[in-house]
Amino acid sequence: MRIPLFSCLFLIFICFCLSMSAGQKDKHCVDWVGNQQSLLLQWKNSVVFDNASSTKLVHWNQNVNCCLWEGVICSGGGCVIGLDLTNESISGWLDDNSSLPSLLHWGLASNKLKTFPHFLRDQSTLLALDLSNNEIHGEIPNWIWNLSHLYSLNLSYNYLTTLDLPLLGMSSLGVLDLHSNQLQGQLLAFPEHATYLDFSRNNFSSVTPPSIGNFTSFLSLSSNKFYGSIPESICNATSLRLLDLSNNSLSGMVPRCLFKMSKFQYDWDQGLRVLSLRKNNLIGAISDSFPRNCSLQTLNLNDNQLEGKLPKSLARCTSLEVLDLGNNRIEDVFPCYLKNISMLHVLVLRSNQFYGPINCPGPNASWSMLQIVDLAANNFTDKLPIKNFSDWKAITDERNEAQYQLSPIRFEDNFPFSSLPTGEAVLPYNYRDVVKFYYQNMVTITIKGVQVELVKILTIFTSLDFSCNSFDGPIPSELGELKSLRFLNLSHNAFTGHISPSLGKLTNLESLDLSSNKFTGEISVQLAEGLHFLSFLNLSFNQLGGEIPNIKQFATFSESSYEGNIGLCGFPLKEKCTHEEPPSSPPTSKDFGKRIDWNFLSSELGFIFGFGIVIGALMFRKRWRICYFKFVDKIFFNMFPQFYIRIENRGRRAHRNQKQGY
Ligand SMILES: *[C@@H]1O[C@H](CO)[C@@H](O)[C@H](O)[C@H]1NC(C)=O
Ligand SMILES: *[C@@H]1O[C@H](CO)[C@@H](O)[C@H](O)[C@H]1NC(C)=O
Ligand SMILES: *[C@@H]1O[C@H](CO)[C@@H](O)[C@H](O)[C@H]1NC(C)=O
Ligand SMILES: *[C@@H]1O[C@H](CO)[C@@H](O)[C@H](O)[C@H]1NC(C)=O
Ligand SMILES: *[C@@H]1O[C@H](CO)[C@@H](O)[C@H](O)[C@H]1NC(C)=O
Ligand SMILES: *[C@@H]1O[C@H](CO)[C@@H](O)[C@H](O)[C@H]1NC(C)=O
Ligand SMILES: *[C@@H]1O[C@H](CO)[C@@H](O)[C@H](O)[C@H]1NC(C)=O
Ligand SMILES: *[C@@H]1O[C@H](CO)[C@@H](O)[C@H](O)[C@H]1NC(C)=O
Ligand SMILES: *[C@@H]1O[C@H](CO)[C@@H](O)[C@H](O)[C@H]1NC(C)=O
Ligand SMILES: *[C@@H]1O[C@H](CO)[C@@H](O)[C@H](O)[C@H]1NC(C)=O
Ligand SMILES: *[C@@H]1O[C@H](CO)[C@@H](O)[C@H](O)[C@H]1NC(C)=O
Ligand SMILES: *[C@@H]1O[C@H](CO)[C@@H](O)[C@H](O)[C@H]1NC(C)=O
């Protein structure tokens, strides 16, 4: 999932060089074209690397033309213009000054370098440098900014701590990726001409620099310690396509103009597409300023203190795929007017103050792509109108394994190379090609009682969470048609009636939570037989009775899955089922009502009471914690490695596939 930026640069070089090869000589390698092979071999001898894991360097030899060596990039004219020595276990050089004539590209990602290669300071024609994913500590040397042609610099995934900020402001870089280092201090300015700036996952402690270049398309400052308010001047950056300020300490109101930036005007001015401000301390209402032709695909405002109503103009954002407004204080009815957004995959309204029914009048829903719906911890009431909500195409279609592999929601954008700074022509600046990059959406959801951060949203990840509301009535039987559903949480509502055996048709279900409702009757055998993949079950605190089916997955759950029901018996509960009754007349729920064990009930009440006191303190801030707290001791770190998720549980944290999560 790497951004194929450099491969695109290669493409450009190659095109460039092909155009040059028509009789013309490559100007910049005239001085070494005769002996480049021997210079490369000489240089190789000074490289310290592990030949056991090398796949390129190790094969370089005199008998083959060097342009055919792995890792060597040549122009059409047979001139070496770059080296791509990614993942070669290079740890340094015997002679740090042994150099080659200046190249355009140096790819040294994923090696074992501990310092910046000294010889690079003489590479005056260098255009693209990739030192990402090494072990470089300390400061970014100042000579980097003296490389006057450098367009793209990738230093991500190192241990860098300092950066000379005035020089950064003056640099002419177009692409600067510094994410996942330990850079700290104030950030005062951005490189003026940059199109792509990634400062995320560092330790910057600063206000947001007020001026953002007019060329900047991608800007991520996420997971630092930026504070203060979001400057209005950010809206001067008319090229912004992605703005990620998430997971900082930003405060104040969201500038009104920021939402206006999401205006699609022309093919070459497509407006803001991704706006993530999650995990900050922003206040105030979301301003009603989404423009016509709204271009937003992702709007993530989760975990702030936003209040007021949801603006109606949001309905103009008909390209929205991810809408995450969870953990705020929005007080409104269910936004039926968003139904026209047919691309919506993720709808999170969790833990706000939404109220009333979610039954939208009018023609049936066009939300057919919905795969994650989280309405938990609001004040929604009335029946659950599953059919009216969506036709659930994304959840009813059974998919094959091939489709399971790779379909993250992704974001692509184009960087016109015409925005390169002008100067002595090293590259053909008029070459109009594009670079694509991914944006991995990150969404927080709660499954199996644990807060989970989905770093990649694969389309097979399907979850419905309606918990902690006041929904009532029976479970709609149509729920059984959502065959690809994996997580279902209806807990802490007022649902009544039997647990429909049709839920047994949800053969992909991994987690089912129906606790703290008013379900009656028995647990049907069809249910237990159908749910092959169930690894989490909670039926506690209902009014269920009868014998627990001790088959399939149902034989693996513990007592806590069933506690607090008045009439359940059999394994794993201590209550033995009494089989004296004639089997011809199976007990009805009424019969169980007569058999209430008052001792049992009062001890349960004691438990609930004690529990209530413990969580009482937590309730003051966020209501959803009731649901959250209940399972805090059940942590499933190894749930679904295939989803590349990170599980966050307050202080405790487990990382999976960390490198892949953006
Ligand atoms: C920088 O390198 C990292 C790791 O090698 C990669 O994931 C990222 O996409 C690169 N950034 C750019 C802008 O190409
Ligand atoms: C590394 O390669 C060189 C030359 O190809 C060889 O002489 C040497 O034995 C190799 N070392 C190891 C550890 O394989
Ligand atoms: C890097 O090289 C190691 C062997 O040294 C190999 O196992 C690994 O898959 C390579 N990684 C990539 C991204 O090519
Ligand atoms: C490389 O050059 C630097 C100064 O340019 C010098 O300090 C250093 O000693 C040289 N290193 C070697 C191995 O010759
Ligand atoms: C950068 O270049 C300027 C002049 O072009 C020079 O004065 C300065 O010393 C150089 N800085 C470094 C760190 O090489
Ligand atoms: C972050 O920066 C602060 C100083 O601003 C420092 O005390 C702290 O150790 C740094 N944290 C990391 C993880 O580098
Ligand atoms: C930024 O670009 C837009 C459109 O190209 C232009 O209208 C605006 O004046 C520019 N602003 C600055 C500060 O250069
Ligand atoms: C938020 O940022 C902190 C560092 O400031 C980091 O440790 C944490 O992993 C980030 N959380 C997320 C969800 O990105
Ligand atoms: C940037 O925005 C601010 C306020 O929003 C405005 O006063 C200023 O003139 C703008 N600057 C440029 C260069 O457009
Ligand atoms: C919306 O975008 C179209 C191009 O797709 C453009 O023709 C139209 O003028 C835009 N409308 C507004 C109000 O900007
Ligand atoms: C939804 O779209 C239909 C036709 O595309 C339109 O008639 C209707 O007014 C729209 N509804 C809303 C709430 O915007
Ligand atoms: C929402 O529920 C909370 C707690 O259940 C209650 O205090 C509040 O009054 C309710 N708000 C509305 C608007 O119904």
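When a ligand or atom number is given, it counts from 1 through the structure's own listing order. Fair warning: this is a prediction, and the values are worked out from it, not measured in the lab.
Close contacts of ligand 1 with Tyr196, meaning ligand atoms under 4.0 Å from a residue heavy atom, involve 13 (C). Per-residue contacts place Ser53 under 4.0 angstrom from the following atoms of ligand 3 (heavy atoms of the residue considered): 5 (O).
Looking only at side-chain heavy atoms (C-beta outward), Leu155 and Ile136 stay at 4.5 Å or farther from each other.
Considering backbone and side-chain atoms alike, Ser132 places an N or O below 3.5 Å from some N or O of ligand 1. An N or O contact shorter than 3.5 Å links Asn203 to ligand 6 by distance. When only interatomic distances are considered, the shortest N/O to N/O separation between His179 and ligand 1 does not fall below 3.5 Å. At least one N or O atom of Asn154, backbone or side chain, sits closer than 3.5 Å to an N or O atom of ligand 1.
Within 4.0 Å of atom 11 (N) of ligand 6, at least one protein heavy atom is present.
Between the side chains of Ser102 and Asp122, no donor N or O sits under 3.5 Å from an acceptor N or O.
Between Lys114 and Glu135 there is a salt bridge, since a side-chain N of the basic residue sits under 4.0 Å from a carboxylate O of the acidic one.
A tilted orientation is assigned to the rings of Phe204 and Phe226, their planes being inclined by 30° to 60°.
Ring pair Trp93/Phe49: centre-to-centre distance not below 6.0 Å.
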